[in-house]
Amino acid sequence: MNRKQFNRGLRVGIPISLGYLAVSFTLGITAKNAGLSAFQATLTSLLVNASAGQYAAFTMMAAQGGYLEIAILEAVTNARYILMSCALSQKLPPNAKLWHRLTIGFNVNDEIFGMAIAEEGKLNPFYYFGMMTIAMPGWALGTFLGTSVGNVLPANVVSALSVGLYGMFLAVIIPASRKSKVILGVVVVSMAASFLMECIPFFAQIASGTRLIILTIVISSGAAILFPVKDAEKEEAHDA
């Protein structure tokens, strides 16, 4: 059963890995401009695997920021992973082992989280491990290539590569939105609210990561209060 779930995770992780390969290419260019070698940038992607956090760190390093400044920036930029980790902890089965939770916690990111949280019922840790196994090398390889040969490509080509990952987000939300009107409404409200926060001067001054956290908490809390999801076990007990 675990091997079957792991292999399924590998298959699902292939498009994620390809998207990472394209997007992390531009990250590699940023790392090179910050003075990092190909080895240093690639090792960073293997150990961190956080796009916005890495971009922020490399940009701050290029600006010769201090250690404390970088630490604070990383804490703010990556704060959304705390929310994702909390959601995943509830998605895992009660008998999930500690090393399962620690391994998943090592690589919580937007795309894998989206696929994991979309699973019906509880999440098999080995399904997550399979996605990690194929996706993480793609992110590291793209960083290596971007650091090594990124500046050779035209700027418009590099910019076009960064669009690839948005297609995966659509692949995550569209099937769920077609099944549930509530999810569809949440998606529409989220997109509209994100656009408005980008246009309103007061909110536009806030860091994008902070805006994302605010929207996530407000919209998800509102949806949970207005449209609570009934516990399947309680429903079965009630029906019996």
Side-chain angles (χ1 to χ4, degrees), residues 6 9-34 36-62 70-89 91-92 99-118 123 125-148 150 158 161-169 171-172 207-209 212-213 216:
F6 182 83
L10 288 176
R11 293 194 298 271
V12 172
I14 291 175
I16 298 178
S17 182
L18 294 175
Y20 281 176
L21 180 66
V23 174
S24 62
F25 196 93
T26 58
L27 176 68
I29 297 176
T30 305
K32 183 176 182 179
N33 293 336
L36 275 72
S37 66
F39 172 77
Q40 291 171 326
T42 304
L43 183 62
T44 301
S45 286
L46 282 173
L47 297 178
V48 179
N49 204 282
S51 55
Q54 287 178 263
Y55 275 114
F58 294 157
T59 302
M60 184 64 73
M61 290 169 65
I70 295 177
I72 295 174
L73 179 64
E74 288 300 296
V76 174
T77 304
N78 295 325
R80 69 185 187 279
Y81 295 127
I82 298 176
L83 302 176
M84 295 182 188
S85 298
C86 291
L88 286 173
S89 69
K91 188 72 174 176
L92 289 170
W99 73 267
H100 291 165
R101 298 178 182 273
L102 293 176
T103 304
I104 290 175
F106 173 72
N107 189 49
V108 177
N109 54 55
D110 302 333
E111 294 73 30
I112 297 181
F113 168 80
M115 297 305 300
I117 212 70
L123 171 67
F126 286 86
Y127 172 62
Y128 199 99
F129 298 159
M131 290 190 288
M132 287 175 56
T133 301
I134 193 70
M136 291 176 65
W139 184 258
L141 178 60
T143 305
F144 172 80
L145 293 175
T147 310
S148 303
V158 175
L161 290 174
S162 63
V163 180
L165 219 53
Y166 291 103
M168 272 192 297
F169 280 118
V172 171
S208 59
L212 179 61
I213 294 173
T216 301

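Computed from a prediction, not measured in an experiment: that's the story for all the values here. In what follows, every heavy atom counts, from backbone to side chain, and hydrogens, waters and symmetry copies are set aside.
- No donor-acceptor distance shorter than 3.5 angstrom exists from the side chain of S148 to the backbone of L145, with no hydrogens or angles considered.
- With sequence neighbours excluded, the residues that form a side chain to side chain contact (heavy atoms under 4.5 Å, CB included) with A135 are I16, Y20, I112.
- Residues passing the ring-ring contact (aromatic ring centres under 6.0 Å, His included) test with F6: none are found, sequence neighbours excluded.
- Between V48 and N78, the closest side-chain pair of non-hydrogen atoms is not below 4.5 Å.
- Judged by distance alone, with hydrogens and angles left aside, the side-chain atoms of T42 form no donor-acceptor pair with the main-chain N or O of F39 at under 3.5 Å.
- Contacts of I134 classified as side chain to side chain contact (heavy atoms under 4.5 Å, CB included), with partners at least two apart in sequence or in another chain: L10, I14, S17.
- With rounding to the nearest 0.5 angstrom, the CD1 atom of I104 is 10.0 Å from the OG atom of S85.
- Residues satisfying the ring-ring contact (aromatic ring centres under 6.0 Å, His included) test with F126, not counting sequence neighbours, are H100, F129.
- In this structure the side chain of L36 never reaches within 4.5 angstrom of the side chain of T147, judged on heavy atoms.
- M132 has its side chain out of reach of N49: every pair of non-hydrogen atoms, C-beta onward, lies at least 4.5 Å apart.
- The main-chain N or O of Q40 is found under 3.5 Å from a side-chain atom of S37 such that the two form a donor-acceptor pair.
- The main-chain N or O of L27 is found under 3.5 Å from a side-chain atom of Y55 such that the two form a donor-acceptor pair.
- Qualifying side chain to side chain donor-acceptor pair (under 3.5 Å) partners for T59, counting only residues two or more places apart in sequence or in other chains: none.
- Between the E74 side chain and the I70 main chain, no donor and acceptor come within less than 3.5 Å of each other.
- Looking only at side-chain heavy atoms (C-beta outward), M136 and F106 come within less than 4.5 Å of each other.
- Within 6.0 Å of the CZ atom in F144, the count of heavy atoms belonging to other residues, nucleotides or ligands does not exceed 12.
- A search for side chain to side chain donor-acceptor pair (under 3.5 Å) contacts involving T143 returns S45, not counting sequence neighbours.
- Put simply, the side chain of D110 reaches to within 4.5 Å of the side chain of R80, judged on heavy atoms.
- Side chains of T103 and Y128: no donor on one and acceptor on the other come within 3.5 Å.
- Of all heavy-atom pairs between M131 and V12, the closest is SD-CG1, 3.8 Å.
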